[in-house]
Participant: 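Mind looking over this structure? Questions follow.
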Amino acid sequence: MDKGTISGAREAVLGVDIGATKMMAVVYDRDYNKLGVSRKRSRDKKINDSEDRILTVIQEALRDAGNPVIAGIGVGAPGPLDPHTGVIIDTPNLGWKHYPLADVLAHSFGIPVTVDNDVNVGTYGEWCATDLRHCRHVVGVFPGTGIGGGILIDGKILHGFSGAAGEVGHMTVLPGGPYCGCGKQGCLEAVASRIAIAREVAALAAREDAPFILEKCGTDLNEIRSGILARAIEAGETKVEGVVRQAAYYIGMALGNLINVLSPEAVVLGGGLVEAMEALFLEEVNRGVKDHAMPFLRKNVQIRAARLGDEAVTRGAAHLIEQYLQAM
Ligand SMILES: [Zn+2]
């Protein structure tokens with residue numbers, strides 16, 4: 001691409017968030033003001049359908065923005081993936097195996113494309129677009145259906161040897177504990193994700209120890225979502241509260257270990273569970289950190305909730321493609 005067209009009277013960039021259940025595209029101007037947005041559900045197991053949906057969501061965002069000239073596209077996608085080639089290694093929810101996402105988009109739109117793990121990109125977005133920008137070393141943890149992590153060292157995403165560093169959700173926190181989706185036992189994700197919480201809360205409901213949950217959503221794990229958990233706790237279901245607190249404490253334990261190893265200045269917690277129960281989550285995470293991080297290393301570490309909500313990934317993706325364009 002001709003460098004002159006990028007630095008001239010510019011042009012917008014696109015940030016795309018491809019989640020396991022929803023996808024969103026946002027067009028930003030050079031000051032990161034939103035010009036256009038589009039959202040879609042992404043539940044399609046067929047490779048071509050997933051591809052069509054992404055192309056459509058991008059086209060709709062462009063139309064919503066009045067079809068500006070776009071300099072590049074940044075994407076956050078579920079991993080594992082290769083951030084250097086933009087190839088998605090394996091994403092069963094979208095039907096992708098060794099899928100060259102960056103090449104497909106670059107070919108379709110004729111502009112540069114960057115692809116990175118969605119939680120890396122979300123952490124990067126929180127860093128770029130908030131006062132976290134003053135910190136050089138940041139750890140992001142996003143508990144949801146799974147638990148994703150992103151690590152920024154010296155303001156750069158840590159990719160490691162494989163390209164897939166930062167899998168905080170698969171740190172072992174309970175040897176011999178429940179099975180995880182990755183096949184191991186006792187991963188953080190297996191004891192503290194929304195699904196892990198829902199599994200225990202469903203058991204409480206089945207035993208009639210959580211009448212609010214039983215009445216609102218029965219014992220269906222997919223129905224026991226963050227908002228309902230928050231309402232059950234507000235309604236005084238102390239056993240549900242105990243389950244959520246225990247999960248948040250495990251996240252604090254994992255973060256305590258990460259603080260000992262990486263010594264970040266800030267930890268940012270995002271995702272639906274944290275959004276729905278911020279005070280409770282921060283309290284237990286802090287307790288877990290206090291019990292597991294060395295005092296000198298945890299001193300003055302800022303632990304806080306994410307600020308950008310569902311825009312963290314698109315915003316981070318827009319910053320990443322912008323940086324890529326500037327380095328061209
Ligand atoms: Zn695991």
Side-chain angles (χ1 to χ4, degrees), residues 18-21 42-43 45 76-83 87-99 116-123 139-151 157-203 221-222 224-226 229 243-262 264 267-274 281 284-285 288-289 291-293 313:
I18 302 174
T21 52
S42 51
R43 268 202 197 134
K45 302 220 181 245
L81 56 79
D82 183 339
V87 172
I88 312 286
I89 312 296
D90 188 9
T91 304
N93 278 335
L94 299 168
W96 289 345
K97 231 181 168 76
H98 297 285
Y99 177 70
D116 207 321
N117 172 274
D118 52 357
V119 187
N120 285 345
V121 176
T123 304
V139 172
V141 177
F142 291 70
T145 310
I147 296 182
I151 296 168
I157 295 170
L158 179 75
H159 288 116
F161 170 56
S162 65
E167 287 290 354
V168 171
H170 301 284
M171 290 174 70
T172 306
V173 293
L174 187 64
Y179 277 99
C180 179
C182 74
K184 292 193 300 142
Q185 282 175 279
C187 293
L188 179 65
E189 187 168 301
V191 298
S193 65
R194 208 260 308 157
I195 293 292
I197 292 171
R199 196 179 50 222
E200 283 209 42
V201 168
L221 299 193
N222 293 318
I224 303 176
R225 308 197 66 84
S226 309
L229 289 167
V243 170
V244 175
R245 283 189 180 272
Q246 178 70 50
Y249 181 82
Y250 273 120
I251 293 170
M253 178 197 281
L255 279 169
N257 281 299
L258 287 171
I259 288 169
N260 288 339
V261 175
L262 300 168
V267 170
V268 57
L269 293 158
L273 285 166
V274 178
F281 245 84
E284 291 300 325
V285 166
V289 166
D291 288 350
H292 297 93
V313 176

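Ligands are counted one by one from 1 in listed order, and the atoms in each one are counted from 1 as well.
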Participant: Can you name the nearest heavy-atom pair linking Ala196 to Glu189, along with the distance?
Facilitator: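 Reported closest heavy-atom pair: CB-O, 3.9 Å.
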Participant: The test is side chain to side chain contact (heavy atoms under 4.5 Å, CB included); show your working for Leu255 and Leu269 and say whether it passes.
Facilitator: CA-CA 10 Å; Leu255 279 169; Leu269 293 158; 4.0 Å; yes
Participant: For the Zn ion (ligand 1), check which protein N, O or S atoms are under 2.8 Å away and list them.
Facilitator: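 Only His170 ND1, Cys180 SG, Cys182 SG, Cys187 SG fall inside 2.8 Å of the Zn ion (ligand 1).
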Participant: Can you confirm whether Arg199 sits close enough to Pro178 that some side-chain heavy atom of one is under 4.5 Å from a side-chain heavy atom of the other?
Facilitator: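 SC-SC contact between Arg199 and Pro178 confirmed.
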Participant: Given side chains that start at C-beta, do those of Val201 and Ile197 come closer than 4.5 Å, heavy atoms only?
Facilitator: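 Val201 vs Ile197: side chains touch.
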Participant: Are the side chains of Val244 and Phe281 in contact, using a 4.5 Å heavy-atom criterion?
Facilitator: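 Yes - at least one pair of side-chain heavy atoms lies under 4.5 Å apart.
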Participant: I want to check something: taking the side chain as every heavy atom from C-beta on, are Ile151 and Thr123 in contact at a cut-off of under 4.5 Å?
Facilitator: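 They are not in side-chain contact.
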